[in-house]
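These notes concern the structure reproduced below.
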Protein chains: 2
Amino acid sequence: MKYSASKENYIKAIFHLQQELEQVSTNSLAEALETAPASVTDMLKKLKAQQLLQYERYRGVRLTASGKKLAIQIIRKHRLWELFLVEKLQFGWEEVHDIAEELEHISSSKLVDRLDEFLGFPKADPHGDPIPDMQGRIPALRQSTVSEMPESGFGRVSGIGDQSPAMLALLRHNHIALGAHLQVRKRFEADRSVEIKLAGHPAVNISEHVAKNIRVTYENNPQ
Amino acid sequence: MKYSASKENYIKAIFHLQQELEQVSTNSLAEALETAPASVTDMLKKLKAQQLLQYERYRGVRLTASGKKLAIQIIRKHRLWELFLVEKLQFGWEEVHDIAEELEHISSSKLVDRLDEFLGFPKADPHGDPIPDMQGRIPALRQSTVSEMPESGFGRVSGIGDQSPAMLALLRHNHIALGAHLQVRKRFEADRSVEIKLAGHPAVNISEHVAKNIRVTYENNPQ
DNA sequence: ATAAAAATTTAGACAAATCTAAAAAAATGG
DNA sequence: CCATTTTTTTAGATTTGTCTAAATTTTTAT
Ligand SMILES: [Mn+2]
Ligand SMILES: [Mn+2]
Ligand SMILES: [Mn+2]
Ligand SMILES: [Mn+2]
């Protein structure tokens with residue numbers, strides 16, 4: 001089956017919204033896709049006819065098994081292309097989303113799988129989000145602190161423990177903020193300090209104390 | 001300016017047809033694009049309104065300067081993606097066209113230029129066709145024989161001189177046919193024989209006599 | 001020169017994806 | 001429990017790219 005880019009965008013948006021609320025509303029979809037709610041209603045009828053989702057009017061929407069499968073395929077393509085752009089074509093992590101938004105609709109599945117191989121079957125994209133594998137399995141991400149991250153692992157800042165002004169000043173100075181993505185460049189056993197790199201800034205060293213204070217979401221098996 | 005994939009396909013088809021006939025007819029375009037002639041007429045009006053071509057009804061069509069420029073950009077993308085698929089993702093040269101037909105419509109021009117750099121600013125695609133550079137210049141291709149091709153140069157078989165049964169048997173044995181693309185792997189000064197490689201077959205050595213008999217179109221400045 | 005053939009355009013439709021405005025259903029809150 | 005607000009759907013258009021059938025123009029060949 002081949003679906004239009006528009007339909008694929010709907011399916012992907014529903015999948016993402018479903019992570020939070022089990023039931024996805026017309027208005028939340030309209031907001032996510034930047035369309036009029038009326039357009040969403042129209043499209044939901046078509047997607048239902050194609051068995052990609054369950055939908056009863058006024059009742060919200062849920063993906064079927066095949067809808068989920070499709071969503072995961074698109075997300076896989078999106079994240080692999082993002083990583084390709086950053087790793088191989090030297091793009092910054094902040095400029096790749098819009099391009100991947102187009103590339104994710106290229107239909108060849110052989111292409112995605114070859115790209116996956118070319119990139120060494122990576123587990124996470126440049127933003128730290130997990131890349132589904134060929135079978136649609138999504139690698140688990142670990143919730144922990146920078147002090148436990150492996151060398152060369154990517155992660156995204158999900159929280160700060162000690163939020164004292166002194167600590168926040170240090171973090172702000174190093175551009176460490178909620179949602180920021182970072183890479184552990186090196187771990188020093190001497191003092192258990194860690195060298196980390198944030199996009200657009202030189203690498204910096206942080207003490208074990210600070211590293212334990214930065215909560216992150218990161219891939220379980222980097223490399 | 002951003003154009004739809006459909007419009008880009010029209011512009012590209014007109015450009016290619018223009019290489020032969022200076023004047024491109026509605027029917028030839030319809031055939032090339034596998035659409036009804038009426039659809040072509042409709043689209044030509046739109047493309048004319050966008051100043052991409054000159055068009056008077058019943059009079060055929062010609063690209064304007066900006067139409068040509070757009071065509072060359074699309075061809076550049078198409079051929080760079082084809083080469084990427086063959087060189088980096090191990091696709092066969094015969095399976096890449098359809099995928100490139102989709103990839104050529106990805107809009108980011110930064111992406112194409114980075115891809116160009118990633119591939120080492122190549123001069124020809126896997127089919128031996130020239131790749132326009134960033135400024136839209138198309139490298140000249142030379143018309144000659146295998147015996148004059150430089151080492152590691154790619155070329156496409158454009159003709160056979162001696163067509164005796166004996167010669168044809170030898171050529172067929174080595175899978176050398178009109179339209180085949182080949183690469184010169186090594187030139188041996190000892191006997192002026194040449195080792196050539198055809199897609200999907202092991203490299204073979206051909207004598208100077210045979211090399212002089214295979215006419216090819218190839219890039220002037222390989223590497 | 002003119003009739004037949006071929007090429008091209010026009011007319012009228014249609015599917016996909018979108019919109020605005022109006023109607024209907026559901027949720028909320030006194 | 002009912003009135004108001006919010007959400008969602010329906011109705012009716014619009015744009016883009018396509019189609020078939022019919023009309024028109026150009027070309028070709030007697
Ligand atoms: Mn998209
Ligand atoms: Mn991402
Ligand atoms: Mn195309
Ligand atoms: Mn090609």
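Each chain gets a letter, A, B and so on, in the order its sequence line appears, and its residues count up from 1.
- In this structure, a donor-acceptor pair under 3.5 Å is present between the side chains of B:N9 and B:H105.
- A tilted orientation is assigned to the rings of B:W93 and B:H181, their planes being inclined by 30° to 60°.
- Annotation: salt bridge (charged side-chain N to carboxylate O under 4.0 Å, His left out) contacts of B:K46 (sequence neighbours excluded): none.
- Each side-chain hydrogen bond (donor to acceptor under 3.5 Å, both in side chains) pair with one or both residues in residues 26-40 of chain B, not counting sequence neighbours, appears once here: B:S25-B:S28.
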Full working for side-chain contact (heavy atoms from CB on, under 4.5 Å) between A:Q50 and A:K7: CA-CA 11 Å; A:Q50 279 173 109; A:K7 281 180 178 168; 2.8 Å; yes

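- DNA chain D lies under 4.0 Å from at least one heavy atom of each of the following residues of residues 23-36 of chain B: B:T35, B:A36.
- Every pair passing side-chain hydrogen bond (donor to acceptor under 3.5 Å, both in side chains) that includes a residue from residues 110-122 of chain B is listed here, sequence neighbours excluded: A:E95-B:K110, B:R76-B:D113, B:R76-B:D116.
- When every heavy atom of B:A36 is checked against every heavy atom of B:A30, the shortest pair comes out as C-CB, 4.1 Å.
- B:F84 and A:W81 have tilted rings, their planes meeting at an angle from 30° to 60° on a 0 to 90° scale.
- Proximity of residues 66-74 of chain B to DNA chain D (heavy atom under 4.0 angstrom from any strand atom) is not detected for any residue.
- Applying the ring-ring contact (aromatic ring centres under 6.0 Å, His included) test to every pair with at least one member in residues 53-80 of chain B, sequence neighbours left out, gives these pairs: B:H78-B:H97.
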Produce the list of close N/O pairs, under 3.5 Å, pairing protein atoms with atoms of nucleotides 12-17 of chain D; give distances to one decimal.
unit_1	atom_1	unit_2	atom_2	d
D:dG17	OP1	B:S4	OG	2.5

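- If you check residues 49-59 of chain B against DNA chain D, the residues with a heavy atom closer than 4.0 Å are B:Y58, B:R59, listed by number.
- Taking the salt bridge (charged side-chain N to carboxylate O under 4.0 Å, His left out) definition, one finds that B:D133 meets it with B:R137, sequence neighbours left out.
- Annotation: side-chain hydrogen bond (donor to acceptor under 3.5 Å, both in side chains) contacts involving residues 10-22 of chain B, sequence neighbours excluded, comprise B:K12-B:E101, B:K12-B:E104, B:E22-B:R62.
- Residues meeting the side-chain hydrogen bond (donor to acceptor under 3.5 Å, both in side chains) test with A:Q183, sequence neighbours left out: A:R185.
- For B:S39 and D:dT18, the shortest distance from a side-chain N or O to OP1 or OP2 is not below 4.0 Å.
- Separation of atoms CZ (A:F91) and CG (B:L111) is listed at 5.0 Å; rounding is to 0.5 Å.
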side-chain contact (heavy atoms from CB on, under 4.5 Å) evaluation trace for B:I106 with B:K77: CA-CA 9 Å; B:I106 301 295; B:K77 289 197 230 175; 5.6 Å; no

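- Of all non-hydrogen atoms in A:L53 and A:L44, the two that sit nearest each other are CD1-O, 3.8 Å.
- A 4.0 Å heavy-atom criterion places the boundary nucleotides of DNA chain C facing chain B at C:dA7 to C:dT10, written 5' to 3'.
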